[in-house]
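First the structure, in the form of C-alpha cells, and then the observations on it.
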2 protein chains.
Amino acid sequence: MASAPKAGSTARQRARAELTREIKAEARRQLAAQGAQQLSLRAVARELGMVSSAIYRYFPSRDDLLTALIIDAYDSLGAAAEKAGQSQPAAAVRGRWRAVCTAARNWALANPHEYALIYGSPVPGYQAPEATIAPAARVAVVFGQILADATALRLNAVPGQDAPGAADGQPQPGQQAPGAADGQPRSAPALSPLLALQAAALADAIAPGVPAPVIARALIAWTQLFGMISFELFGQFVGSADPADEFFAYAVDQMATLVGLD
Amino acid sequence: MASAPKAGSTARQRARAELTREIKAEARRQLAAQGAQQLSLRAVARELGMVSSAIYRYFPSRDDLLTALIIDAYDSLGAAAEKAGQSQPAAAVRGRWRAVCTAARNWALANPHEYALIYGSPVPGYQAPEATIAPAARVAVVFGQILADATALRLNAVPGQDAPGAADGQPQPGQQAPGAADGQPRSAPALSPLLALQAAALADAIAPGVPAPVIARALIAWTQLFGMISFELFGQFVGSADPADEFFAYAVDQMATLVGLD
DNA sequence: TCAAGAACGAGAGCAGTGCTCTTGACATCG
DNA sequence: CGATGTCAAGAGCACTGCTCTCGTTCTTGA
C-alpha cells in the first residue's frame, strides 16, 4: 500500500515513511512471534532503539498499528489467493478453485497469528474501519471471478440454452429446481426473497452473470473454507481430522461440486 | 459442573465453593460486557469487595479463570444443543439437525464473547487443557447421535439391503460411489485412506454404525456451521449476507442434504 | 480440649502496559 | 534570519498480572 517511498518528497517525509515501515515490520515480527495480544508498543520501540512515546508520532494508538497490520495481512492473503487463481488456465475452474483454497490454507498455516488477527475473534472493542474492507474483499473477488468464468463457460458450451434462471439473478421461487441434469449439482431449494436479493447484489459486485443460487452455494463454500481453516489452526480438530490435509482436500472437492464447478 | 455446594462439607469448604462461584459469575459478567481481553482479575476482585491477591487463592492465574469460563461456555452451548436435539422426535433427523444448528447460532448470538472465547482465536500462549475437551465434544456428540439415528433408520427402512459400505465404516475405495439412488445424496469421491481411518475412528467414538463417507461429509457440515456463525459474529458478512438469518437457514438445509439427512 | 497447621484476606511491591504532556533540539520554508 | 512545525526524549498516570509477607481464623488430629 503506502510503503513505497515517494521520490519527490522532502527528506523529512522520506524519513517518516521509512520509520513507519520499520515500525510495522518490527510489529509484524512480534505479532508472528507471540500473537496480537502480546504486541507491545513499548517493546517495538525498545527494539527499534527509540522511546515509546515516539511511536505515537506514527501510530496514534495501538489499535491503529493493529489496523495497519490487519490491512497488510488481508493484502498478503489476497495476493496469495490471486496468484493461485492465475496459476492455471482460466477455463480450469475447478483446478483454480482448488488452488485458491489450498493457497489460503497454506497462507494461514504459515502465518497463524496474522490469520487469527483477521479471521479470529476481533480484538476487544475493535471495530473494523473502512480501510480494511477493500483488502478483505480480495479473496472473495478471486472466488467471484472463478464463478463468473465458470458461468460464462457453461453458457458458451450450451449456446442455445440459458443457464437456469440466471439472467436476472432472481429466479422465480420453486421454479428452477427440477432435475440435476444441467450442471446444477442437485435439486436445490428455492432461495428466499432476501437471500436471492443478497446473492444478486453480490453477483453484481464481484461475480457478474452468476445465478443467485450459485452465489448462495458459493457463500456456503466460502464459510466452510474458513471455518475449516480456523478449526485446524485453533486446535478444534485434535482427535478428529488431525492432521487435516486429506480432509481439507476432500472438503474442497465437495464444495467445488456443491457450487457446480466442473 | 462443580457448582452445587456439597452438603457434607465444612463451613470453609462451602464458603470456598461459594466464593469460587461468585468469582466466576462476576468474571462471566465482565466477559459478556467487554470481552476476554478486558477481563481483569483486579476488577473482579474490586467488584467483589476483596483485594486482588485474594483471587489467587481460588484461581492460580488469569488463564485458569479463563479456562473455567471456557469450560462453562462449552457446557452452556452443549446443553443448548442437547436440548434442541431432543426437542423433536428421534426419527425427525433433519428437523433435529436444523434445531441443533439454530440453537448453536442463537447461543452464539446471545453470548458473543463466550463464543469468541471458545471458537475465536485462542488467547496468546493459551493451550487448551485436558479438562476442556470433554465439554467441547458435547455438540459433536449431539450431531453424532443424529447421524447414528439417521443411519439406523435407513437400515430399518430397507431391511434386506445394507447401507452402502456401512457395516465396517471402511468401504472399499471407489466402490460405493455409483448412483445416488440409495439415500446417498450424490456420487462422492472415494475417501483417502487416512481420512477413512479418521472418519471410522470418529464414528466409533460418537456415531456408531455411521459410514465413513457420511462422517466425512458431516465434518464438512460441522466446519461450515461454525465458520458461518463466526463470520456472522465477527463481522465478515457486512455487505454480503447481512442479515444472515435466511442464508443460515439455507445453508443448514443444504448441509443436511449433503450429509444425507432425509 | 487444645495446640499444630492449613487456609485465608489484606497489603505492599515488582515489572510491565497504553497513553499523555512537556521540554528542548532540529529541519523546513517564507 | 527567523518563525513554524516536526521530532525524540523523558517523566508521569493509571492500570495490569503476579508474588511475597504478615497476622488472623478455621480445621483437624492427638
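Letters go in sequence order (proteins before strands), and every chain restarts at 1.
- Atom P of nucleotide C:dG18 and atom CD1 of A:I23 are separated by 13 Å, given to the nearest angstrom.
- In this structure, B:A11 reaches the sugar-phosphate backbone alone: every heavy-atom distance under 4.0 Å involves primed, P, OP1 or OP2 atoms, never a base.
- Rounded to whole angstrom, the span from the CD atom of B:Q30 across to the P atom of D:dC15 amounts to 14 Å.
- Separating the CD atom of B:Q13 from the C1' atom of D:dC26 is a distance of 12 Å, rounded to the nearest angstrom.
- Residue B:L48 is classed as having no contact, given no heavy-atom separation below 4.0 Å to the nucleic acid.
- Note: B:S192 OG to B:Q198 CD = 7.5 Å, rounded to the nearest 0.5 Å.
- Using a 4.0 Å heavy-atom criterion, one finds that A:S61 contacts the sugar-phosphate atoms exclusively.
- A:L39 has its CG atom 15 Å from the C1' atom of C:dC19, to the nearest Å.
- Residue A:D204 holds its CG atom at 11.0 Å from CD1 of A:I206, rounded to the nearest 0.5 Å.
- A donor and an acceptor atom never sit less than 3.5 Å apart when one is taken from the side chain of A:R42 and the other from the base of C:dG16.
- Between B:R46 and D:dT16 there is a side-chain polar atom (N or O) within less than 4.0 angstrom of OP1 or OP2.
- With sequence neighbours excluded, the residues that form a salt bridge (Lys or Arg N to Asp or Glu O under 4.0 Å) with B:D245 are B:R105.
- Using a 4.0 Å heavy-atom criterion, one finds that A:S40 contacts the sugar-phosphate atoms exclusively.
- B:Y58 comes within 4.0 angstrom of the backbone, heavy atoms only, and of no base.
- Within 4.0 Å of B:L65, counting heavy atoms only, lies no atom of the nucleic acid at all.
- The minimum heavy-atom distance between A:L194 and B:P243, with the atom names listed, is CD2-CG, 4.0 Å.
- Taking atom CG of A:D63 as the reference point, atom P of C:dG18 lies 11 Å away to the nearest angstrom.
- Closest to the side chain of B:R12, out of D:dA9, D:dT19, D:dT27, is D:dT27.
- Here D:dC26 presents its P atom at 13 Å from CZ of B:R14, a figure rounded to the nearest Å.
- One interatomic measurement links the two molecules: OH of B:Y56 to C1' of D:dT21, which rounds to 17 Å at whole-angstrom precision.
- For A:A43, whose side chain is taken as the heavy atoms from C-beta onward, the closest listed nucleotide among C:dT17, C:dA10, D:dA9 is C:dT17.
- Rounding to whole angstrom units, CG of residue A:L41 and P of D:dT16 are separated by 18 Å.
- The line from OG of A:S40 to CZ of A:R46 is 6.0 Å long, rounded to the nearest 0.5 Å.
- Here B:R16 reaches the OP1 or OP2 of C:dC8: one of its side-chain N or O atoms lies under 4.0 Å away.
- Shortest non-hydrogen contact noted between B:M228 and B:F248 is CE-CD1, 3.4 Å.
- Distances shown here put every side-chain N or O of A:R57 at or beyond 4.0 Å from the OP1 or OP2 atom of D:dT6.
- Residue A:M50 places its side chain closer to D:dA9 than to any other of D:dC18, D:dT19, D:dA9.
- Residue-level contact check: A:I55 touches neither bases nor backbone, having no heavy atom under 4.0 Å from any strand.
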